Amino acid sequence: MTEAVARAHPNLALAKYWGKLEREGNFPAVPSLSVTLGGLSTTTRVRFDAALTADRLVLNGAAVSGTELLRAVKMMDRVRASAGSSLRAEIVSDNDFPTASGIASSASGFAALALAASRAAGVDWDAARVSSEARESSASAARSVFGGFVELAAGTPSARQVAPAGHMDLVVFVCVAGEGKKKAVSSSEGMRRTAARSPYYRAWLDMAPRNFADLRAALLAKDFEKLGELAEASALAMHASAIAAGVVYFGSVSLEGLTLVQRLREEGTAAYATMDAGPHLKVLTREADAAKVRAALASLANVSRIIESRPGGAAEIVQP
Ligand code: 2P0
């Protein structure tokens, strides 16, 4: 086979990954636990072609070059090494969610690429190997190979499922902060600066594994309130350590959104906030409170759109 198409969903870390081990291969320094976001996907077609002299990448309809292309080529080189092939490929990848939405497209992107490329090259990688190769390109991508609730332990090659998508009643709102923001520092660079300069990086490394273990236990116990509290605490601790190094991803939507969900809780509605390497706000709630939480979030200024998601499935081949 020389061609394959794969689809993968982005994911939202409940217990965050922030910081890398000082060794080759892009290994996280802390364990993380995410929910795979159903309803949002990246679809990637890989076609090996003897007529090509270099890999080509078309992302959302536009040809990509430079460092973005190089990251994909590195993945393709690993696939070629595994297949004993020297063929170059055309990669066509499309997201059905806005790329600048604060939902990491690298997670679904590299999960879909690892799966499609290995299948197109005829190498028989199992899900753990696909996850490990995806992690090397982008650590959060290791988690998007699996559906439902997924963990990636520190220093381990691949992620694994903790619970399936139907395990828990959970609704995720992504509040996309309006345009006009300058581009944030990349996650890799933000982590590097945090590790090098933050007086609170040690505290983060100390807190994160305990937060992860408690959150994992809350998930298995289906304790939504506990899970939400721990997810919000993980995000705040991650950002506190980054901010102390001058790495500020927070914006007005993050701050006003955090205040809003805290007020909702005081009024008796279980909603929890989390943020990643951008100004967008993600809110966790349950089915019974979803309409109320959505209506409250609609009052936030500078939100260009609200995306609603629920736990989704694993990365999969969609065409032979
Ligand atoms: C996460 N983030 O656990 C954390 C929380 C952002 C904040 O993983 O350097 O693109 O490519 O391994 O996976 C985003 O970082 O970083 C991320 P690299 P990645 O989802």
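Predicted model, so just to flag it, every value in this text is computed and none were measured. Counting starts at 1 for both ligands and their atoms, in listed order.
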Sub-3.5 Å pairs, protein N or O with ligand 1 N or O:
{"from": "ligand 1", "atom 1": "3 (O)", "to": "Y17", "atom 2": "N", "distance (Å)": "2.9"}
{"from": "ligand 1", "atom 1": "3 (O)", "to": "R143", "atom 2": "NH1", "distance (Å)": "3.0"}
{"from": "ligand 1", "atom 1": "3 (O)", "to": "R143", "atom 2": "NH2", "distance (Å)": "3.3"}
{"from": "ligand 1", "atom 1": "9 (O)", "to": "K20", "atom 2": "NZ", "distance (Å)": "2.5"}
{"from": "ligand 1", "atom 1": "9 (O)", "to": "S188", "atom 2": "OG", "distance (Å)": "2.4"}
{"from": "ligand 1", "atom 1": "10 (O)", "to": "S106", "atom 2": "OG", "distance (Å)": "3.4"}
{"from": "ligand 1", "atom 1": "10 (O)", "to": "S138", "atom 2": "OG", "distance (Å)": "3.0"}
{"from": "ligand 1", "atom 1": "11 (O)", "to": "R71", "atom 2": "NH2", "distance (Å)": "3.3"}
{"from": "ligand 1", "atom 1": "11 (O)", "to": "S138", "atom 2": "OG", "distance (Å)": "2.9"}
{"from": "ligand 1", "atom 1": "12 (O)", "to": "Y17", "atom 2": "OH", "distance (Å)": "2.8"}
{"from": "ligand 1", "atom 1": "12 (O)", "to": "K20", "atom 2": "NZ", "distance (Å)": "3.1"}
{"from": "ligand 1", "atom 1": "12 (O)", "to": "N26", "atom 2": "ND2", "distance (Å)": "3.1"}
{"from": "ligand 1", "atom 1": "12 (O)", "to": "A139", "atom 2": "N", "distance (Å)": "2.8"}
{"from": "ligand 1", "atom 1": "13 (O)", "to": "S138", "atom 2": "OG", "distance (Å)": "3.3"}
{"from": "ligand 1", "atom 1": "13 (O)", "to": "S140", "atom 2": "N", "distance (Å)": "2.9"}
{"from": "ligand 1", "atom 1": "13 (O)", "to": "S140", "atom 2": "OG", "distance (Å)": "2.7"}
{"from": "ligand 1", "atom 1": "15 (O)", "to": "S187", "atom 2": "OG", "distance (Å)": "3.4"}
{"from": "ligand 1", "atom 1": "20 (O)", "to": "R143", "atom 2": "NH2", "distance (Å)": "2.8"}

With sequence neighbours excluded, residues passing side chain to side chain donor-acceptor pair (under 3.5 Å) with R78: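 Checked R78 against side chain to side chain donor-acceptor pair (under 3.5 Å); matches are E133, S137.
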Partners meeting side chain to side chain donor-acceptor pair (under 3.5 Å) with W18 (sequence neighbours left out):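 Here the qualifying residues are T194.
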Pair R263 + E266, salt bridge at N-O below 4.0 Å: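 No.
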Option passing side-chain hydrogen bond (donor to acceptor under 3.5 Å, both in side chains) with W125 (candidates S118, S131, S132, S82):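 Going through S118, S131, S132, S82 one by one, the side-chain hydrogen bond (donor to acceptor under 3.5 Å, both in side chains) with W125 is satisfied by S82 alone.
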cation_pi(R160, F146) dist<6.0 Å, angle<=45: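 The answer is no, since R160 fails at least one limit relative to F146.
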Shared-cluster residues of L152, by chain and number - hydrophobic side chains joined below 4.5 Å: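 In the cluster with L152 there is nothing else; it is isolated.
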